[in-house]
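Comments concern the structure below.
Residues take their numbers from the sequence shown, with the count starting at 1. Indexing begins at 1, ligand by ligand and atom by atom, following the structure's order.
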Amino acid sequence: MYRAPRGTSDILPQEQAYWRYIDKKIVDLCQLYGYERIDAPAFEDTGLFLRTVGEETDIVEKQMYTFKDRGGNKLTLRPEGTAPVCRAYLEHGLHNLPQPVKLYYIASIFRYERPQAGRYRQHYQFGYEAIGDDDPALDAEVIDMAWQFFLSLNLHHLSLQLNSTGCKKCRPRYLTELKDYYSDHTQELCSDCRARLKRNPLRLLDCKKPSCQQLANSAPKSIDYLCPQCDEHFNRLKRYLSLLDLPFAVNPRLVRGLDYYTRTVFEVQPEAEGAQSALGGGGRYDDLIEELGGKPTPALGFAAGIERIILNLKQQGVPIPPLPQPQVFIAYIGDQARDGAVKLASALRRAGIGVSEAISGKSLKAQLRQANSLGARYTVIIGEQEVTNNTVILRDMTTAQQKTIPLPQLERELQ
Ligand code: HAM
């Protein structure tokens with residue numbers, strides 16, 4: 001027996017109500033904030049991700065699904081959604097439009113991770129990017145949109161964490177300080193962090209090992225090393241967030257798993273659990289488009305994992321509206337009635353009335369049971385006598401009351 005590959009899952013019909021609920025909230029939210037949908041391919045040139053996500057990141061080092069196609073092209077299943085959107089922005093000349101260009105996506109993401117609850121090898125992200133403006137008012141809008149998204153889903157007990165990691169002017173000085181600090185404590189670091197120290201010291205700040213966390217608590221903070229422009233940007237952003245009444249907390253240890261971030265980084269996390277279970281995260285990436293060959297173009301964005309949202313909706317017991325089901329079930333007794341049932345089902349559907357039916361002959365009792373389990377509001381019953389009289393029996397499934405009506409009247413009655 002084949003099974004779904006490790007770290008992937010089937011989204012069965014009983015789960016779909018969650019997905020449609022979230023889809024609808026996304027569409028409404030993006031309309032409110034003026035974002036338009038973009039869908040990029042599921043795979044890209046491997047170089048796109050090497051260039052942007054960063055060669056020293058876990059994603060590039062260990063998690064990419066990379067392959068050569070039959071034409072010898074080196075391709076990678078997207079391990080994140082930002083770089084493809086920036087590639088599309090440049091490829092289609094979107095920089096010629098009024099800026100910022102605001103785009104959103106719902107896309108499958110592929111990372112070769114160790115599967116566990118909330119961590120999969122294929123997951124889905126809702127993400128959005130605002131490209132072409134560096135004003136902190138845009139950062140505030142992007143963060144506000146993320147926060148409002150979770151509120152609109154009826155999720156509570158979340159925290160909004162914020163940090164600024166500086167720019168290419170001020171970060172080198174900070175990284176030197178950070179390396180100096182950690183160099184005095186290499187014995188206390190886990191083996192992963194010891195390896196990271198040379199290549200990507202920022203990542204030491206979010207190691208989950210207790211001894212590394214303790215060290216991170218006393219480590220130098222990036223916000224103390226910001227250049228005047230980054231400092232001003234961060235202060236204005238905090239002021240806007242306060243104006244919007246957003247309950248943010250500055251977390252000097254917040255760094256993200258992708259290298260393209262500059263200045264603002266933020267995450268939304270469930271209050272109850274550790275930072276590993278972020279529901280969503282994002283930030284600025286002011287150098288990324290230039291890195292891809294474009295003009296210097298400031299930008300920022302956010303993405304949330306849909307499976308993690310669903311886990312939290314379930315944990316918090318948020319009621320989800322059921323998906324609409326056909327309201328009418330057609331039951332028939334005997335071969336003669338069957339022709340009529342087939343015709344009637346099709347006629348009602350053409351009139352816009354959703355219908356389920358018992359396809360092959362079962363007892364009337366079994367058919368009514370099926371109608372019940374499908375949640376049908378009415379069952380139309382056709383027997384030999386009804387065929388002869390050109391009538392049907394209409395049964396109200398909540399009251400179990402039945403009446404006989406002429407067939408030509410049925411559609412109007414149901415409407
Ligand atoms: P990220 O933090 O790597 O950011 O992923 C965004 C969200 O996707 C995470 O907060 C989490 O909810 C979900 N997620 C990540 N990996 C997994 C996984 N293996 N299984 C289940 N869910 C997962 C980005 O990808 C950036 N592109 C976000 C961004 C957009 N930054 C700027 N614009």
So do the side chains of L153 and Y21 get within less than 4.5 Å of each other, counting heavy atoms only? yes
What residue pairs, at least two apart or across chains, pass ring-ring contact (aromatic ring centres under 6.0 Å, His included) with a residue in residues 167-215? Y174-Y225, Y181-H185
ring-ring contact (aromatic ring centres under 6.0 Å, His included) partners of residues 277-322, not counting sequence neighbours, each pair once: Y128-F302, Y260-Y285, F266-F302
Quick check: are there more than 12 heavy atoms from other residues, nucleotides or ligands sitting under 6.0 Å from NZ of K238? yes
Between the side chains of E15 and K314, is the shortest nitrogen-to-carboxylate-oxygen separation below 4.0 Å, so that they form an ion pair? yes
Sequence neighbours excluded, the answer for salt bridge (charged side-chain N to carboxylate O under 4.0 Å, His left out) partners of K74 is none
Atom pairs, nitrogen or oxygen, ligand 1 to protein, under 3.5 angstrom:
| from | atom 1 | to | atom 2 | distance (Å) |
| --- | --- | --- | --- | --- |
| ligand 1 | 2 (O) | R256 | NH1 | 3.0 |
| ligand 1 | 2 (O) | R256 | NH2 | 2.9 |
| ligand 1 | 3 (O) | R111 | NH1 | 3.0 |
| ligand 1 | 3 (O) | R111 | NH2 | 2.9 |
| ligand 1 | 4 (O) | R256 | NH2 | 2.9 |
| ligand 1 | 5 (O) | Q125 | NE2 | 3.2 |
| ligand 1 | 8 (O) | Q125 | NE2 | 3.2 |
| ligand 1 | 10 (O) | A278 | O | 3.4 |
| ligand 1 | 10 (O) | G280 | N | 3.4 |
| ligand 1 | 12 (O) | A278 | O | 3.0 |
| ligand 1 | 12 (O) | L279 | O | 3.0 |
| ligand 1 | 12 (O) | G305 | N | 3.1 |
| ligand 1 | 14 (N) | H123 | NE2 | 3.3 |
| ligand 1 | 16 (N) | R111 | NH1 | 3.2 |
| ligand 1 | 19 (N) | E113 | OE2 | 2.6 |
| ligand 1 | 19 (N) | Y120 | N | 3.4 |
| ligand 1 | 19 (N) | Y120 | O | 2.9 |
| ligand 1 | 20 (N) | Y120 | N | 2.9 |
| ligand 1 | 25 (O) | R111 | NH2 | 3.1 |
| ligand 1 | 25 (O) | Q125 | NE2 | 3.4 |
| ligand 1 | 27 (N) | E80 | OE1 | 2.7 |
| ligand 1 | 27 (N) | T82 | OG1 | 2.9 |
| ligand 1 | 27 (N) | Y260 | OH | 3.0 |
| ligand 1 | 31 (N) | Y261 | OH | 2.6 |
| ligand 1 | 33 (N) | T82 | OG1 | 3.1 |
| ligand 1 | 33 (N) | E129 | OE1 | 2.8 |
| ligand 1 | 33 (N) | E129 | OE2 | 3.1 |
| ligand 1 | 33 (N) | F302 | N | 3.2 |

